[in-house]
Amino acid sequence: MTAQTGSVAWIGIGKMGLPITGRIAAAGYRVMAFDASAERLAMARQGGLTPAASATDAVAGQTVVFTSLPDDIALRAALLAPQGLLRAMPPQSVLIETSTVSAEISAELAEAARAQGVDYLRAPVSGNASIAHTGALTCFVSGPKAAFERVRPVLASFTRAQTYLGEAEQARFAKLAVNLMIAVSAGMMAESLALARKGGIAWRDMLQVLDDSAVASPMVKYKTPPLATRNFESTFSCRQMAKDLDLILGAGHSVGVPLQLAAQVRETYGSLIAQGEGESDFIATVPHLERLSGLGEPEL
């Protein structure tokens, strides 16, 4: 596959799918796109994609098919149903699934793909919609190595790094492990900032301390600018994080790893959802801890 002659199908033009497919198209690939939302399809057309009337039409004749779907239920309905997309894909084609889903549904999909003669790559992306248009996403990949090498150029059109991890569900566990670190980091930032405010440190001063300290990870530096202005517009919502933590806890149970921090942070996100903050950004752990600590809004 080359940028001049390549053609791919993309199913699911959501917050991540739209900027990602824009980068693929800009790299010279023709992108056949489908989404259940007419509004998202219109946006796809404006972005230079070729909208399809149905998901089946999108994958017809395509040897490379991407899916970006919200959860296990949507993945099962789209791909594993009797009239699902997998049955519409020709033998020796490649299915690349980019979402955060369970290892269990992924393994079931892998078995069905083998029966169909389709190469299945797990390729969950890491990052969020606010940076997807820059190509700064990364992806973890597992599945047939030859298929990965075949489609790596198109993966490279929207990710800065593509890490191949093995033949089975390694990419699923990698994505869940990374998201666990992000979730726990959000909880830690909330407690640290509340403690600092109670200790008399000005809001922006403490954010500067975090940025200049040994804990200044990319995630911390990514969140300090919106926290400086108290901007909690969602890049990845509390509800999405709760969903991922449920997957993380399930994965831990399945392989016998006690995930005590994950369980605690999951309860925090459950509380935020119950308070009507499900669509707020996942860093809403910060005002949540402030409320628990008797703190109001800080002086900016």
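By the rule that hydrophobic residues join a cluster once side-chain heavy atoms approach within less than 4.5 Å of another member, L227 and V265 end up as members of one cluster. Side-chain heavy atoms closer than 4.5 Å link hydrophobic residues (I, L, V, M, F, W, Y) into clusters, and following such links, possibly through other members, connects W203 to L210. Residues I283 and L193 fall within the same hydrophobic cluster, defined by Ile, Leu, Val, Met, Phe, Trp and Tyr side chains chained together at heavy-atom separations under 4.5 Å. No continuous path of hydrophobic side-chain contacts links L195 to L289 [ILVMFWY only; heavy atoms under 4.5 Å]. Linking Ile, Leu, Val, Met, Phe, Trp and Tyr residues whenever their side-chain heavy atoms come within less than 4.5 Å places F236 and L272 in a single cluster.
For the pair P124 and R172, the minimum side-chain heavy-atom distance is below 4.5 Å. In this structure, the side chains of T163 and V141 stay at 4.5 Å or more apart for every pair of heavy atoms. The side-chain heavy atoms of L85 and L95, taken from C-beta on, include no pair separated by under 4.5 Å. Looking only at side-chain heavy atoms (C-beta outward), P51 and R45 come within less than 4.5 Å of each other. When side chains are defined from C-beta on, D244 does not count as touching Q240, because their heavy atoms never get closer than 4.5 Å. A heavy-atom distance below 4.5 Å is found between the side chains of F282 and Y269. Counting heavy atoms from C-beta on, the side chains of L180 and L259 come closer than 4.5 Å.
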**Asked** Going through the distances and angles, do V8 and V65 end up as a side chain to side chain contact (heavy atoms under 4.5 Å, CB included)?
**Response** CA-CA 6 Å; V8 305; V65 175; over 6 Å; no

**Request:** Go through the steps to decide whether E233 and D281 satisfy the test side chain to side chain contact (heavy atoms under 4.5 Å, CB included), and finish with yes or no.
**Result:** CA-CA 6 Å; E233 182 179 350; D281 190 78; over 6 Å; no

**Request:** Test T235 against K223 for side chain to side chain contact (heavy atoms under 4.5 Å, CB included), laying out the working first.
**Result:** CA-CA 10 Å; T235 57; K223 281 304 178 187; 3.4 Å; yes

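Side-chain polar atoms of S130 and N128 form a donor-acceptor pair below 3.5 angstrom. The closest side-chain donor-acceptor pair between Q264 and T268, if any, does not fall under 3.5 angstrom. Judged by distance alone, the side chains of S106 and E169 do bring a donor and an acceptor atom under 3.5 Å apart. Side-chain contact of S7 with Q62: a donor-acceptor pair under 3.5 Å is present, judged by distance alone.
Between the R122 side chain and the A168 main chain, a donor and an acceptor come within less than 3.5 Å of each other. With T134 contributing its side chain and A136 its backbone, the two residues share a donor-acceptor pair below 3.5 Å. With K145 contributing its side chain and E167 its backbone, the two residues share no donor-acceptor pair below 3.5 Å.
Among all heavy-atom pairs drawn from P90 and V118, the shortest one is O-CG2, 3.8 Å. In terms of heavy atoms, S142 sits closest to Y164 at CA-CE1, 4.3 Å. Here the shortest heavy-atom pairing between L295 and R197 reads CB-NH1, 3.8 Å. Taking every heavy atom of both residues into account, K15 and R40 meet most closely at N-NH2, 3.6 Å. When every heavy atom of Q116 is checked against every heavy atom of L86, the shortest pair comes out as CG-O, 3.4 Å. In this structure, A123 and I96 approach most closely via the heavy-atom pair CB-CG2, 3.6 Å.
Using a 30° and 60° split on the angle between ring planes, W10 and F158 fall in the perpendicular class, above 60°.
A side chain to side chain contact (heavy atoms under 4.5 Å, CB included) with M43 holds for exactly one of D35, L49, L18; it is L18.
By the 6.0 Å contact criterion, CD on Q275 is enclosed, its count of non-hydrogen atoms from other residues, nucleotides or ligands being greater than 12.
The pair E290-R230 meets the salt-bridge criterion, since a charged nitrogen lies less than 4.0 angstrom from a carboxylate oxygen.
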